[in-house]
Amino acid sequence: MSRRVVRQSKFRHIFGQPVKADQMYEDIRVSKVTWDSSFCAVNPKFLAIIVESSGGGAFMVLSLAKTGRVDKNHPSVSGHTGPVLDIDWCPHNDNVIASASDDTTIMVWQIPDYTPVRSITEPIVTLEGHSKRVGIIKWHPSARNVLLSAGSDNAIIIWNVGTGEALINLDELHIDLIYSICWNYNGSLITTTCKDKKVRVIDPRKQEVVAERFSPHEGMRPMRAIFTRDGNIFTTGFSRMSQRELGLWDPNNFDEPIALQEMDTSNGVLLPFYDPDSSVVYLCGKGDSSIRYFEITNEAPYVHYLSTYSSKEPQRGMGFMPKRGLDVSKCEIARFFKLHERKCEPIVMTVPRKSDLFQDDLYPDTPGPEPALEAEEWFSGQDADPILVSLRDGYTPIKNRELKVNKKNILDNKPPSAPRRSYSSCDAGFSRVTLEDLLEEIKSLRATVESQEKRISDLENLLLEISNGTD
């Protein structure tokens with residue numbers, strides 16, 4: 001009788017554990033919008049969650065350390081006139097986040113390190129170019145200030161956030177709603193899934209489809225696709241019998257899958273979260289109460305089931321911490337932020353190790369916060385892998401760096417929207433002086449308000465310390 005040989009893998013024993021109750025984020029009214037995005041974005045400094053909002057769309061930003069019950073008057077980020085559908089932190093500046101909305105706009109926000117007293121309503125820049133709602137946004141992995149957006153107008157726009165301009169508009173490559181988009185490791189290609197049942201690989205600067213596959217999963221429900229580190233494409237979808245499936249494909253040979261596995265029967269779309277350092281992919285279904293994880297290797301069957309984290313409560317959305325935000329001293333390999341109806345629950349994935357020393361094999365150098373390219377270099381055709389940092393001594397987030405937007409003169413490329421009134425030269429001079437004075441006064445007042453907000457926040461923190469000391 002032959003013994004079954006167990007495959008060797010350092011990730012075979014990954015296990016998930018929720019944090020204690022006092023380390024959760026309570027009393028958050030998570031958005032009820034029916035949209036298949038993760039509703040949550042996280043980085044080493046902040047947790048952002050799309051929330052219910054009256055009269056427009058909003059999301060909430062919390063300092064990672066601010067666990068427990070969230071004050072019902074906690075300031076939000078609210079500038080959109082329709083529901084927020086997607087949010088994404090900039091990989092090169094932990095204080096900058098982009099939001100996409102039903103109101104057809106994308107807004108980019110600077111989040112201060114201190115908690116503001118009132119809601120943030122003024123974005124650094126508003127990007128307008130879509131004619132219908134915008135449901136997907138993704139920052140470029142290695143170029144500064146390059147942001148991709150996709151809307152229900154079936155168009156993909158790539159923006160230079162530093163100038164507020166749309167530099168690439170891919171509006172003829174998709175004939176139906178785009179379900180998902182993912183950059184490859186160095187940001188030279190994107191892969192998309194679409195309601196027309198095609199997975200496409202697109203060179204955005206040449207504005208052409210370089211490979212495509214019709215119906216990698218035969219079911220009608222939405223698919224997802226992501227690039228792996230070595231350039232293959234991992235997909236999730238449904239079979240003709242509504243079984244959930246996962247697939248691995250070589251875009252240079254799309255005819256046959258490298259791997260295709262059926263999983264279970266469920267309605268929830270599987271959202272894949274991929275760690276390129278370990279080649280582990282985590283699958284979280286909206287409405288599921290579990291997270292399944294698989295290791296992708298070069299050995300058959302190529303996609304190896306590792307384990308499942310199970311809980312009782314279904315998830316409304318999920319945030320995935322970048323590798324530099326993990327606790328390497330505890331062999332933490334991933335951290336999820338699971339959204340419930342009224343709270344957010346961090347889930348820590350750990351590889352058990354006996355030693356307290358730094359585990360080189362678990363933590364290869366990982367993408368850091370410095371961009372490898374400027375936006376202009378990428379748009380001119382250059383490519384570069386992300387700049388890597390070591391996690392040996394842990395990662396310390398960088399202090400707030402201001403995002404500067406240098407807009408081109410809008411009057412150079414926009415025609416006047418209405419007939420101009422004729423002024424006498426005296427009127428024109430008077431209105432110009434008055435306008436400049438007003439703008440100067442507004443700028444001065446805004447600076448005063450910001451300094452006072454910081455002062456109030458510092459005093460509140462001091463009060464908290466004093467009250468904790470007297471308890």
Side-chain angles (χ1 to χ4, degrees), residues 25 38-50 59-67 70 74-77 79 84 86-100 106-116 119-120 122-125 137-148 159-162 183 187 273 275-277 318-328 332 334-337 344 346 348 363 365-375 386-405 450 453-454 457 461:
Y25 306 85
S38 58
F39 283 16
C40 180
V42 63
N43 69 20
K45 280 187 177 182
F46 299 109
L47 166 67
I49 299 168
I50 302 175
F59 60 97
M60 183 181 283
V61 176
L62 300 168
S63 166
L64 278 189
K66 199 172 177 63
T67 54
V70 177
H74 190 282
S76 61
V77 182
V84 176
D86 198 13
I87 48 178
D88 195 27
W89 286 104
C90 175
H92 308 123
N93 188 333
D94 286 341
N95 293 75
V96 170
I97 188 169
S99 58
I106 300 110
M107 292 182 177
V108 180
W109 309 84
Q110 182 101 26
I111 306 298
D113 283 333
Y114 59 90
T115 304
S119 290
I120 301 172
E122 292 290 323
I124 315 168
V125 63
I137 42 173
K138 289 275 189 296
W139 290 93
H140 191 282
S142 60
R144 189 198 308 271
N145 291 345
V146 176
L147 180 66
L148 173 154
W159 309 83
N160 181 348
V161 175
W183 294 97
F273 295 93
D275 174 13
D277 298 340
M318 195 68 82
F320 186 55
M321 176 66 81
K323 209 61 171 284
R324 56 196 170 91
L326 303 180
D327 186 347
V328 297
E332 187 180 358
R335 192 187 313 156
F336 288 92
F337 289 75
C344 175
V348 175
Y363 301 106
D365 290 356
T366 195
E370 288 303 319
L373 295 170
E374 295 299 324
I387 294 174
L388 306 181
V389 294
S390 169
L391 297 178
R392 177 171 288 278
D393 301 315
Y395 171 78
T396 307
I398 294 169
K399 288 227 167 82
N400 191 351
R401 294 185 296 186
E402 191 178 346
L403 171 62
K404 291 184 171 59
V405 177
E450 282 180 3
E453 281 187 349
K454 185 161 186 349
S457 179
N461 290 337

Set of side chain to side chain contact (heavy atoms under 4.5 Å, CB included) partners for [X], sequence neighbours left out:
| X | value |
| --- | --- |
| Ala372 | Ser142, Ala384, Ile387 |
| Ala375 | Val146, Asn160, Phe379 |
| Thr115 | His74, Pro75 |

Measure the spacing between [atom1] of [X] and [atom2] of [Y] and express it to the nearest 0.5 Å.
| X | Y | atom1 | atom2 | answer |
| --- | --- | --- | --- | --- |
| Tyr363 | Leu326 | OH | CG | 6.5 Å |
| Asn93 | Gln110 | CG | CD | 6.0 Å |
| Asp365 | Arg392 | CG | CZ | 9.5 Å |
| Ser38 | Asp86 | OG | CG | 6.0 Å |
| Arg144 | Leu373 | CZ | CG | 10.5 Å |
| Met318 | Phe39 | CE | CZ | 13.5 Å |

ask   = Is atom NZ of Lys45 surrounded by more than 12 heavy atoms (other residues, nucleotides or ligands) closer than 6.0 Å?
value =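 Yes, NZ of Lys45 has more than 12 neighbouring heavy atoms, counting only those of other groups under 6.0 Å.
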Indicate yes or no for a side-chain donor-acceptor contact from [X] to the backbone of [Y] under 3.5 Å, with no hydrogens or angles considered.
| X | Y | answer |
| --- | --- | --- |
| Ser76 | Met60 | no |
| Glu332 | Val348 | no |
| Asn43 | Asp94 | yes |

How close do [X] and [Y] get, heavy atom to heavy atom, and via which atoms?
| X | Y | value |
| --- | --- | --- |
| Thr366 | Lys323 | OG1-CB, 3.4 Å |
| Pro91 | Trp139 | CD-CB, 3.4 Å |
| Asn95 | Pro112 | ND2-C, 4.0 Å |
| Gly368 | His92 | O-CD2, 4.5 Å |

Using side-chain heavy atoms (C-beta onward) and a distance below 4.5 Å, is [X] in contact with [Y]?
| X | Y | result |
| --- | --- | --- |
| Pro367 | Asp277 | yes |
| Arg324 | Leu391 | yes |
| Asn145 | Pro371 | no |
| Ile137 | Trp159 | no |
| Ser99 | Ile87 | yes |
| Tyr25 | Leu64 | yes |
| Ile97 | Phe46 | no |
| Val161 | Ile124 | no |

query = Is the shortest distance from a Lys or Arg side-chain nitrogen in Arg335 or Asp327 to a carboxylate oxygen in the other one below 4.0 Å?
reply =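 Not counted as a salt bridge, because no side-chain N and carboxylate O are separated by less than 4.0 Å.
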task = Give me the ring orientation class for Phe273 and Phe320: parallel if the planes are under 30° apart, tilted from 30 to 60°, perpendicular past 60°.
result =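 Phe273 and Phe320: tilted rings.
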